[in-house]
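Given the structure is predicted, the values throughout are model-derived calculations rather than measurements.
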Amino acid sequence: TGELSVGFVEGYDVVDVNGDNRDDLCVRLRYAGPERVLDFLVKTVDDGRVTDLFQRTSIYSGSATATAGYIVIQQPVRDDDDFERREIYAWVEDKGRFELVREIRSRRSE
């Protein structure tokens with residue numbers, strides 16, 4: 001379908017999202033096209049190896065942010081122009097992964 005390049009990187013953050021006192025890399029990759037698709041990846045270094053903490057692909061016309069312990073994915077509801085869906089993922093320490101803890105559907109702010 002094409003080759004990736006640095007032109008696809010919309011932005012990145014370096015933040016400790018899982019509470020281990022080490023910075024993690026959160027990357028937003030944006031693909032051109034009518035839907036403006038976003039992929040959101042969170043990587044960490046564990047024992048000298050790069051590992052995935054979180055990956056969400058195909059976020060249509062949406063956004064993704066990460067803070068300590070949380071990832072928020074926001075995108076329009078595809079069947080309704082006036083609403084958006086926000087998914088909140090939290091780091092679950094004893095499981096060692098992010099899990100969806102809340103989904104909110106609300107009217108889009110202008």
Spacing of [X] atom [atom1] and [Y] atom [atom2] [to the nearest 0.5 Å]:
X     : Y     : atom1 : atom2 : value
Arg30 : Ile59 : CZ    : CD1   : 8.0 Å
Ser58 : Phe40 : OG    : CZ    : 15.0 Å
Leu29 : Tyr12 : CG    : OH    : 13.5 Å
Ser63 : Glu10 : OG    : CD    : 8.5 Å

- request: Could you list the residues that satisfy side-chain hydrogen bond (donor to acceptor under 3.5 Å, both in side chains) with Glu93, not counting sequence neighbours?
  value: Trp91

task: Applying side-chain hydrogen bond (donor to acceptor under 3.5 Å, both in side chains), name anything that partners Glu99, two or more places apart in sequence or on another chain.
output: Lys95, Arg97

- request: Tell me who clusters with Val101, hydrophobic residues only, linked when side chains sit under 4.5 Å apart either directly or through other members.
  value: Tyr70, Val72, Ile88, Ile104

message: Using a 4.5 Å cut-off between side-chain heavy atoms of Ile, Leu, Val, Met, Phe, Trp and Tyr, which other residues end up in the same hydrophobic cluster as Val50?
response: Val45

query: For the side chain of Gln75 and the backbone of Tyr60, is there at least one donor-acceptor N/O pair under 3.5 Å apart?
result: yes

query: So Phe98 and Phe54, would you call those rings parallel, tilted or perpendicular, with 30° and 60° as cut-offs?
result: perpendicular

- request: State, to 0.1 Å, how close Tyr89 and Ile73 come at their nearest heavy-atom pair, and which atoms those are.
  value: CE1-CG1, 3.9 Å

task: Measure across Val77 and Arg85 and return the closest heavy-atom pair with its distance rounded to 0.1 Å.
output: CG2-N, 3.8 Å

query: Are Ile71 and Leu100 in one and the same hydrophobic cluster, where Ile, Leu, Val, Met, Phe, Trp and Tyr link if side-chain heavy atoms are under 4.5 Å apart?
result: yes

Show me the donor-acceptor pairs within less than 3.5 Å that the side chains of residues 18-28 make with the rest of the protein, sequence neighbours left out.
| from | atom 1 | to | atom 2 | distance (Å) |
| --- | --- | --- | --- | --- |
| Asp20 | OD1 | Arg22 | N | 3.0 |
| Asp20 | OD2 | Arg22 | NE | 3.2 |
| Asp20 | OD2 | Arg22 | NH2 | 3.0 |
| Asp24 | OD1 | Thr44 | OG1 | 2.6 |
| Asp24 | OD2 | Val17 | N | 2.9 |
| Arg28 | NH1 | Asp13 | OD2 | 2.9 |

task: List the steps and the verdict of salt bridge (Lys or Arg N to Asp or Glu O under 4.0 Å) for Arg86 and Glu84.
output: CA-CA 7 Å; Arg86 183 176 300 145; Glu84 65 187 5; 3.8 Å; yes

query: salt bridge (Lys or Arg N to Asp or Glu O under 4.0 Å): which pairs involve residues 52-69, sequence neighbours left out?
result: Lys43-Asp52, Arg56-Glu87

